[in-house]
Enquirer: 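Input: one structure, supplied below.
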Number of protein chains: 2
Amino acid sequence: MMQASATTEQEAPSARQQAVLDAVLGLMVEDGEQLTMDAVARRASCSKETLYKWFGDRDGLLTATVRWQASRVHAGHDAAQVLDGATLRERLQDFAVTWLEVITGPTSVALNRIAIAHAGSHKSNLGGIVLANGRFAIGERVKPVLEAGRAAGLLTFADSEAAFRTFFGLVGRDIQIRLLLGETLDFDGAEIRRDAGRAVEQFLALYGQAKPDPNHQD
Amino acid sequence: MMQASATTEQEAPSARQQAVLDAVLGLMVEDGEQLTMDAVARRASCSKETLYKWFGDRDGLLTATVRWQASRVHAGHDAAQVLDGATLRERLQDFAVTWLEVITGPTSVALNRIAIAHAGSHKSNLGGIVLANGRFAIGERVKPVLEAGRAAGLLTFADSEAAFRTFFGLVGRDIQIRLLLGETLDFDGAEIRRDAGRAVEQFLALYGQAKPDPNHQD
DNA sequence: GGCGTACCGTACCGTACGGTACGCTCTCTA
DNA sequence: TAGAGAGCGTACCGTACGGTACGGTACGCC
């Protein structure tokens with residue numbers, strides 16, 4: 001039988017399966033509604049039976065889709081150990097820009113909507129997957145940079161998790177929730193860069209050594 | 001005929017109607033799923049026919065429920081014109097605590113989930129209502145305080161909207177998205193107060209004048 | 001060629017749920 | 001005390017959708 005290969009196992013989906021998952025993403029983004037098995041089969045030019053053979057059930061298909069999208073996001077990585085102030089600022093700026101680009105993208109909005117709706121009360125938490133590959137993944141990438149900044153005497157904080165969460169808040173502010181709730185704010189690259197720059201400066205003002213900043217308990 | 005009274009009109013729902021809407025909220029919170037018209041009727045001990053007569057259709061019922069919940073949140077208001085540093089800090093702390101209590105509450109989580117799912121692609125945007133009564137309502141309440149703080153020489157900023165958004169980000173950070181995606185973080189009052197205090201101090205560090213109150217650590 | 005496998009397309013089934021119809025009871029008013 | 005109306009409970013209808021079955025086609029292998 002050997003079904004549900006892309007769900008139970010972590011094996012990468014085949015090229016054909018990837019095409020199916022891309023069809024799902026396409027439907028999520030542009031349609032938003034009628035994300036139905038029939039619609040997926042039609043869009044991907046495959047039979048529903050194949051869908052069920054490959055992904056088990058609708059939930060499995062959704063889960064595989066979320067994983068598939070997540071697997072693309074992990075790109076660009078880190079190798080700088082020695083940090084000076086300019087490099088630190090630049091690294092943080094990069095993270096902020098990347099993050100803003102992700103959360104303002106239509107795919108992220110659609111996927112988060114699905115996952116949140118799902119989280120209401122269901123099996124197989126898509127929410128956990130989205131969280132693991134979004135918020136937590138970027139946290140794990142930012143925190144080493146923060147710690148390197150601390151090691152270089154550029155930043156001061158006790159808890160890198162807490163510092164990261166502040167960074168996260170300064171970058172994202174109300175943007176994600178507004179988008180999820182249906183507001184149409186459109187950002188061009190320039191605005192994102194400006195926003196990211198503001199967040200980085202604010203973060204450095206709070207945690208940087210340059211300023212006297214005795215008040216953050218956590 | 002004269003149906004859909006609680007939907008098309010802004011009239012407050014009758015006591016019986018309020019009970020129905022509370023039943024909807026109850027279902028949303030504890031069940032999360034099977035928010036079906038039958039379930040509502042059963043829970044509220046009313047007939048489906050009455051539901052349709054009062055609220056038009058399922059969407060109308062949801063809209064009325066969101067409005068009903070929103071109508072309760074607006075409480076406590078503002079009258080202090082003359083601000084000193086301690087009062088400003090206290091007001092901001094109050095806002096932060098209130099906001100954190102709201103967004104961590106199960107009702108808010110459930111309601112936002114519904115609204116976000118709805119925002120995917122639908123008529124009658126619940127998202128807009130939630131946004132108007134959540135994020136924007138608190139913005140309209142905080143901004144005058146910020147402006148009073150600026151008038152009193154306690155804060156420096158050009159754009160009160162931008163300042164508020166930073167405050168919003170510092171308070172909420174990643175909490176709302178994590179809750180919406182199904183993570184179970186539980187906050188007690190103490191933790192919320194501590195969190196709110198941290199956010200306020202950070203905000204004042206960013207926007208406060210160089211010499212704030214000497215006695216800030218309460 | 002014959003056979004198995006993989007897959008497409010489509011018809012089909014069962015059920016959940018939005019929405020409607022109808023009978024019954026209770027209350028209010030004349 | 002009779003009639004009207006509001007509203008409860010329940011049976012019912014139509015449809016959308018998750019999931020299954022099955023025939024048909026292409027392709028590899030013996």
Side-chain angles (χ1 to χ4, degrees), chain A residues 1-9 11-24 27-28 31-66 114 117-118 120-124 126, chain B residues 1-9 11 13-24 26-28 31-66 114 117-118 120-124 126:
Chain A
M1 285 307 119
M2 147 96 228
Q3 81 286 30
S5 60
T7 302
T8 54
E9 312 270 348
E11 338 166 347
S14 72
R16 183 75 182 96
Q17 288 171 339
Q18 290 177 13
V20 170
L21 299 179
D22 280 332
V24 177
L27 273 181
M28 281 180 180
D31 233 339
E33 201 54 22
Q34 72 213 52
L35 185 61
T36 167
M37 298 300 274
D38 274 292
V40 171
R42 216 175 313 121
R43 169 103 166 203
S45 293
C46 73
S47 74
K48 276 170 63 174
E49 194 171 27
T50 302
L51 251 33
Y52 285 100
K53 181 150 80 169
W54 284 348
F55 304 105
D57 59 2
R58 187 173 187 274
D59 241 50
L61 177 60
L62 259 39
T63 303
T65 303
V66 171
I114 305 273
H118 216 86
S121 88
H122 255 227
K123 49 274 175 182
S124 104
L126 302 183
Chain B
M1 289 306 122
M2 153 92 232
Q3 82 286 31
S5 60
T7 302
T8 54
E9 313 270 348
E11 339 165 347
S14 71
R16 183 72 183 99
Q17 287 171 340
Q18 290 177 14
V20 170
L21 298 179
D22 281 331
V24 176
L27 273 182
M28 281 180 181
D31 233 338
E33 202 55 21
Q34 73 213 56
L35 184 62
T36 167
M37 299 300 276
D38 274 291
V40 171
R42 215 175 313 121
R43 169 103 168 203
S45 292
C46 72
S47 74
K48 277 170 64 176
E49 194 170 27
T50 302
L51 251 33
Y52 284 99
K53 180 149 80 167
W54 283 349
F55 303 105
D57 59 3
R58 187 172 186 273
D59 242 51
L61 177 61
L62 258 40
T63 303
T65 304
V66 171
I114 306 271
H118 216 84
S121 89
H122 254 228
K123 48 273 176 184
S124 104
L126 303 182

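Convention: sequence-line order gives letters A, B, ...; per-chain numbering from 1.
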Enquirer: Quick one, B/Phe55 with B/Leu62, criterion side chain to side chain contact (heavy atoms under 4.5 Å, CB included). Give me CA distance, side-chain angles, the key distance, then yes/no.
Expert: CA-CA 9 Å; B/Phe55 303 105; B/Leu62 258 40; over 6 Å; no
Enquirer: Would you indicate whether the side-chain heavy atoms of B/Leu27 and B/Gln34 approach each other to under 4.5 Å?
Expert: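 Of all side-chain heavy-atom pairs linking B/Leu27 with B/Gln34, none is under 4.5 Å.
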Enquirer: Report the end-to-end axis angle of the helix from C/dG1-D/dC30 to C/dA30-D/dT1; each axis comes from five terminal pairs, and the value is rounded to 10°.
Expert: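 Inter-axis angle at the ends, rounded: 10°.
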Enquirer: Looking at NZ of B/Lys53 and SG of B/Cys46, how far apart are the two atoms once the value is rounded to the nearest 0.5 Å?
Expert: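 One gets 11.5 Å once the value is rounded to the nearest 0.5 Å.
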Enquirer: According to side chain to side chain contact (heavy atoms under 4.5 Å, CB included), who are the partners of A/Asp59, at least two apart in sequence or on a separate chain?
Expert: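 Checked A/Asp59 against side chain to side chain contact (heavy atoms under 4.5 Å, CB included); matches are A/Asp57, A/His118, A/His122, A/Lys123, A/Ser124.
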Enquirer: Using atom CZ of B/Arg16 as one end and atom P of D/dG7 as the other, report the distance to the nearest whole Å.
Expert: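 Checked: the CZ to P distance equals 9 Å.
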Enquirer: Quick check: do A/Val24 and A/Arg43 have side-chain heavy atoms less than 4.5 Å from each other?
Expert: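 Not touching, per the 4.5 Å side-chain cut-off.
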Enquirer: Taking only side-chain nitrogens and oxygens of B/Trp54, does any of them come within less than 4.0 Å of OP1 or OP2 of D/dG7?
Expert: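 Indeed, a polar side-chain atom of B/Trp54 lies that close.
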Enquirer: Could you give me the CA-CA distance, side-chain angles and deciding distance for B/Thr65 and B/Met28, then say whether side chain to side chain contact (heavy atoms under 4.5 Å, CB included) is met?
Expert: CA-CA 10 Å; B/Thr65 304; B/Met28 281 180 181; 4.2 Å; yes
Enquirer: Could you run down nucleotides 10-22 of chain C 5' to 3' and tag each one B, S or - for protein heavy-atom contact under 4.0 Å?
Expert: -------SBBBBB
Enquirer: Got a second to check how far A/Arg42's CZ is from A/Met37's CE, nearest 0.5 Å?
Expert: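 Reported to 0.5 Å precision, the distance equals 12.5 Å.
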Enquirer: For the side-chain contact (heavy atoms from CB on, under 4.5 Å) test, which of A/Leu35, A/Val40, A/Thr63 pairs with A/Arg58?
Expert: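 Passing option: A/Leu35.
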